[in-house]
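Notes for the one structure printed next.
If you're wondering where the values come from, they're calculated on a predicted model, not measured in any experiment.
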Amino acid sequence: MTKNKNLHGLHLSRRAALAAVAVSAAALFAAPAPSFAEDKSIKVGIMAGEEEDIWRVVASEASKKGLKIETVIFNDYTQPNEALERGEIDANAFQHQPYLDNQIQQHGYHIIRVGYTGVWPIGLYTKKYKSVAEIPEGAVIGVPNDPSNEGRALRVLQNEGLIKLKEGTGILATVADVTDNPKKIEIKELDAGIVGRSIDDLDAGIVNTDWALKSGLSPAERIAQEPITDNPYRNFIAVKDDNKDADWVKTLVSSYQNDTVKAEFDKVYKGTGLSAY
């Protein structure tokens, strides 16, 4: 009898042990994975204006995933990459690849693209004419003076038949690359943020769409625009090279690339910008 009791007790002990193991395993698989970004805070450099509204929503999305975003506001395109290179911020979101390539070439920055945000097709705006054909001989046309956007603007003028650029000229074309100018247009180089605000003093101007919005220009005043398909000027989030595979970077990108942020983007930019991911 004692032997049977012992055997019975042994069976119970084995069943209890197996049950305990099963419960432990179930708890292991059911437990939520700890957030890698718990207590992680980062600084992201953005441009002043509409982007502040967009990034408030991005920050809200990121906070749900354990990532705290502090935005650092800039008013000058040359500053966010310098701040990122120095480690004053952890990421920035304001530029396209041709601009970054030029900045790297000039300054040796160690910065890389990690996720697209939006694209703002650059356009030819005027308050004086209804079409490109109406632009007269000797017209003054403003273009952005930074290397990547100037080349971009000149290509729009070439596409519209107003000028011709040197054969093989890349995306960093300058006025020195103009080989044919049948209407003897005066191309006036201005800061990207000034072109739109100077439109009353120009016959026309090539304006980045985000600056057009800031300058109060409407799509009705845009008489030409660069192609959207295969556009190399999509903006993106950028980080230092050595952070490109960091978990917080993946969370940052996913906090931007979602339907909630897209809805805010569409609301803020009213169709002048397009989500690019």
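Take K128 and apply the salt bridge (Lys or Arg N to Asp or Glu O under 4.0 Å) test, not counting sequence neighbours, and it matches no residue.
Note: Y233 and W120 fail the aromatic proximity criterion, with ring centroids not under 6.0 Å apart.
At a threshold of 4.5 Å between non-hydrogen side-chain atoms, the residues N208 and P144 count as touching. A 4.5 Å side-chain heavy-atom check between I89 and F74 finds at least one atom pair inside the cut-off. Residues P136 and Y129 meet the side-chain proximity criterion, which asks for heavy atoms closer than 4.5 Å. Side-chain atoms of R152 and I171, non-hydrogen and from C-beta on, never get closer than 4.5 Å to each other. With a 4.5 Å cut-off on side-chain heavy atoms, V207 and L217 count as touching. For the pair L124/R222, no side-chain contact is recorded, criterion being any heavy-atom separation below 4.5 Å from C-beta on. At a threshold of 4.5 Å between non-hydrogen side-chain atoms, the residues I46 and I54 do not count as touching.
For the pair N75 and M47, the tightest heavy-atom approach, listed with the atom from each and the gap, is C-CE, 3.6 Å.
Not a single donor-acceptor pair under 3.5 Å links the side chain of N235 to the backbone N or O of T117. Looking only at distances, a side-chain donor or acceptor of K183 sits under 3.5 Å from a matching main-chain atom of I135. Listed for the Q158 side chain is a donor-acceptor partner under 3.5 Å among the backbone atoms of L165. In terms of modelled atom types and a separation under 3.5 Å, the side chain of D90 and the main chain of I42 share no donor-acceptor contact. A donor-acceptor pair under 3.5 Å links the side-chain atoms of D146 to the main chain of N149, judged by distance alone.
Between K188 and the choices L202, V195, V143, N145, the side chain to side chain contact (heavy atoms under 4.5 Å, CB included) rule is met once, by L202.
Between N81 atom CG and Q106 atom CD the span is 11.0 Å, to the nearest 0.5 Å. Rounded to the nearest 0.5 Å, atoms CD (E85) and CG (N92) are 11.0 Å apart. Taking CH2 of W55 as the start and OG of S255 as the end, the distance is 8.5 Å to the nearest 0.5 Å.
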Side chain to side chain donor-acceptor pair (under 3.5 Å) evaluation trace for S254 with K65:
CA-CA 10 Å; S254 67; K65 304 171 185 178; 3.0 Å; yes

